[in-house]
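To start, the structure under review is shown below, and the notes come after it.
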Amino acid sequence: MAKAPTVDDVARVAGVSRQTVSNVVNTPDIVREATRLRVEAAIAELGYRPHAAARRLRTRRSSTIGIHLDPYAGGISGVVLDRFVHALTERAGERDMRVLLYAARTPEEEIARLGDLLEGGEVDAVVITGTFHGDPRTGWLLDRALPFVSFGRPWGEDDVEAPAHLWVDVDGAAGTRAATAHLLAQDGQRIAFLGWPTGSGTGDERERGWRESAASGPRWVVEENVSAARDVVAAGLAADPGVTGIVCASDSLAIGAHLAVTLAGRSDITVIGFDNTPAVEALGLSSVEQLPEKVASGALDLLMGENGTVVAPRAPTAGAAHVLVEPRLVVR
């Protein structure tokens, strides 16, 4: 059985000292770029892997990123976050980082859990999800200088030029804009939007894309519920039979709209969802896909740099503090 390469082997191949190899592994920012690249090439050539436990003791870092696990609420909308967590775990592992899942039912409960993790030195950084206006978690994390990135915008006055913190999100407006344009191109005249009540940051963004497409159809409002969506669309079609297409804020709403359209015998109406879950795929409905794998990569790039392996606090700066992933329309 071949002997695993050691730090001394890397130093010999790269032509540097043992300490320089250690610096590249643990604190790459202090090493000159040319030297760092030479050491990284030697590491790749030899297949060297630092001893994770020893490195954690030496650097007093946990090499762990925490992420909140949403409570099970039924329905189909959790599929996107499941894919995101899976992708984040895979891509973090490629950077020699681990992911720790923690559960909480409310923002306040999550803050308490984060306090426990921080006090115990269990995480070096955090990824939070489901941000909203007045989110107390972000202020708490900023006050304690714990590196974090959110899957979701800060929802401030200007999240691009003056962001409150690092964030990654899907361009919901671009997704519904593409969906609406697709329906208009099919000789559609009145494209309706089925969305959530005003005040949801994510929902408002998705509605904006529909409005910016100059759609002339009605806006129907409903909570995230398949049966309720079916009833709202049924009533809407009875009042406005000229509707030729429906863009929805989620796949759950799209399934409700599809049921209403089917029961009304309106095979001429095309319904497009948002999330591209297995449920709408099975029904043959078109949908906007969020590409959570790209979101996960963007989150890690913000926390660690594109090639980094160590989490370090970063102050948000205009244009460099966010990643906005453009979704893709999956037409069926």
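Along the sequence shown, residues carry numbers from 1.
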Do [X] side-chain atoms and [Y] backbone N/O form a donor-acceptor pair below 3.5 Å?
{"X": "Asp204", "Y": "Thr198", "value": "no"}
{"X": "Arg266", "Y": "Pro241", "value": "yes"}
{"X": "Arg18", "Y": "Asp8", "value": "no"}
{"X": "Arg38", "Y": "Ala14", "value": "yes"}
{"X": "Asp251", "Y": "Phe274", "value": "yes"}
{"X": "Ser287", "Y": "Glu281", "value": "no"}
{"X": "Arg208", "Y": "Ala173", "value": "no"}
{"X": "Ser213", "Y": "Gly209", "value": "yes"}
{"X": "His68", "Y": "Ala104", "value": "yes"}

Check: [Y] and [X] side chains under 4.5 Å, non-hydrogen atoms:
{"X": "Val232", "Y": "Val221", "answer": "no"}
{"X": "Val126", "Y": "Tyr102", "answer": "yes"}
{"X": "Arg230", "Y": "Val226", "answer": "no"}
{"X": "Val39", "Y": "Val31", "answer": "no"}
{"X": "His165", "Y": "Leu141", "answer": "no"}
{"X": "Ile255", "Y": "Val280", "answer": "yes"}
{"X": "Phe84", "Y": "Ile67", "answer": "yes"}
{"X": "Leu329", "Y": "Ile272", "answer": "yes"}

So which atom in [X] and which in [Y] form the shortest heavy-atom distance, rounded to 0.1 Å?
{"X": "Arg137", "Y": "Phe132", "value": "NH2-CE2, 4.4 Å"}
{"X": "Val288", "Y": "Gly175", "value": "CG2-O, 3.5 Å"}
{"X": "Pro327", "Y": "Glu289", "value": "CB-O, 3.0 Å"}
{"X": "Leu194", "Y": "Ala257", "value": "CD2-CB, 4.1 Å"}
{"X": "Val99", "Y": "Thr64", "value": "C-CG2, 4.4 Å"}
{"X": "Val79", "Y": "Pro278", "value": "CG1-CD, 3.9 Å"}

Under 4.5 Å between side-chain heavy atoms, hopping through other hydrophobics if needed: is there a path connecting [X] to [Y]?
{"X": "Val243", "Y": "Phe193", "value": "no"}
{"X": "Leu300", "Y": "Leu166", "value": "yes"}
{"X": "Leu88", "Y": "Val325", "value": "yes"}
{"X": "Val85", "Y": "Val323", "value": "yes"}
{"X": "Val168", "Y": "Ile65", "value": "yes"}

Out of curiosity, [X] [atom1] to [Y] [atom2], how far, rounded to the nearest 0.5 Å?
{"X": "Ile111", "Y": "Thr106", "atom1": "CD1", "atom2": "OG1", "answer": "8.5 Å"}
{"X": "Asp169", "Y": "Glu205", "atom1": "CG", "atom2": "CD", "answer": "8.0 Å"}
{"X": "Trp196", "Y": "Glu207", "atom1": "CH2", "atom2": "CD", "answer": "11.5 Å"}
{"X": "Ile128", "Y": "Trp140", "atom1": "CD1", "atom2": "CH2", "answer": "11.0 Å"}
{"X": "Glu33", "Y": "Leu37", "atom1": "CD", "atom2": "CG", "answer": "5.0 Å"}
{"X": "Glu122", "Y": "Leu114", "atom1": "CD", "atom2": "CG", "answer": "11.0 Å"}

Taking only Lys NZ, Arg NE, NH1 and NH2, and the carboxylate oxygens of Asp or Glu, determine whether Asp135 and Arg153 approach each other closer than 4.0 Å.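 No, no charged N to carboxylate O under 4.0 Å.
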
Would you mind checking if Arg91 and Glu94 are paired as a salt bridge, meaning a charged N to carboxylate O distance below 4.0 Å?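 No salt bridge links Glu94 with Arg91.
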
Is the number of heavy atoms from other residues, nucleotides or ligands within 6.0 Å of [atom1] ([X]) greater than 12?
{"X": "Glu326", "atom1": "CD", "answer": "no"}
{"X": "Glu109", "atom1": "CD", "answer": "yes"}
{"X": "His86", "atom1": "NE2", "answer": "no"}
{"X": "Gln186", "atom1": "CD", "answer": "yes"}

Is the ring pair Trp167/His322 parallel, tilted or perpendicular, if the boundaries are 30 and 60 degrees?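 Plane angle under 30°, so parallel.
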
Give a yes-or-no answer on whether the side chains of Thr244 and Arg190 include a donor-acceptor pair shorter than 3.5 Å.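 Arg190 and Thr244 do not have a side-chain donor-acceptor pair below 3.5 Å.
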
Would you say the side chains of Gln290 and Asn276 form a donor-acceptor pair under 3.5 Å?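 Gln290 vs Asn276: no donor-acceptor pair found between side chains.
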
For the pair Thr6 and Asp9, evaluate side chain to side chain donor-acceptor pair (under 3.5 Å) and give the outcome as yes or no after the intermediate values. CA-CA 5 Å; Thr6 67; Asp9 296 327; 3.3 Å; yes

Step-by-step side chain to side chain contact (heavy atoms under 4.5 Å, CB included) determination, Leu237 to Trp220: CA-CA 10 Å; Leu237 290 177; Trp220 297 325; 3.9 Å; yes

For Asp301 and Arg95, run salt bridge (charged side-chain N to carboxylate O under 4.0 Å, His left out): C-alpha distance rounded to whole Å, both residues' side-chain angles, the deciding distance at 0.1 Å, then the answer. CA-CA 11 Å; Asp301 287 348; Arg95 298 176 182 235; 2.5 Å; yes

Could you walk me through whether Val127 and Leu303 pass the side chain to side chain contact (heavy atoms under 4.5 Å, CB included) test, one step at a time? CA-CA 9 Å; Val127 176; Leu303 278 175; 4.2 Å; yes

My understanding is that only one of Ile191, Leu183, Val261 makes a side-chain contact (heavy atoms from CB on, under 4.5 Å) with Ile246; could you say which?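 It is Val261; the other options fail the test.
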
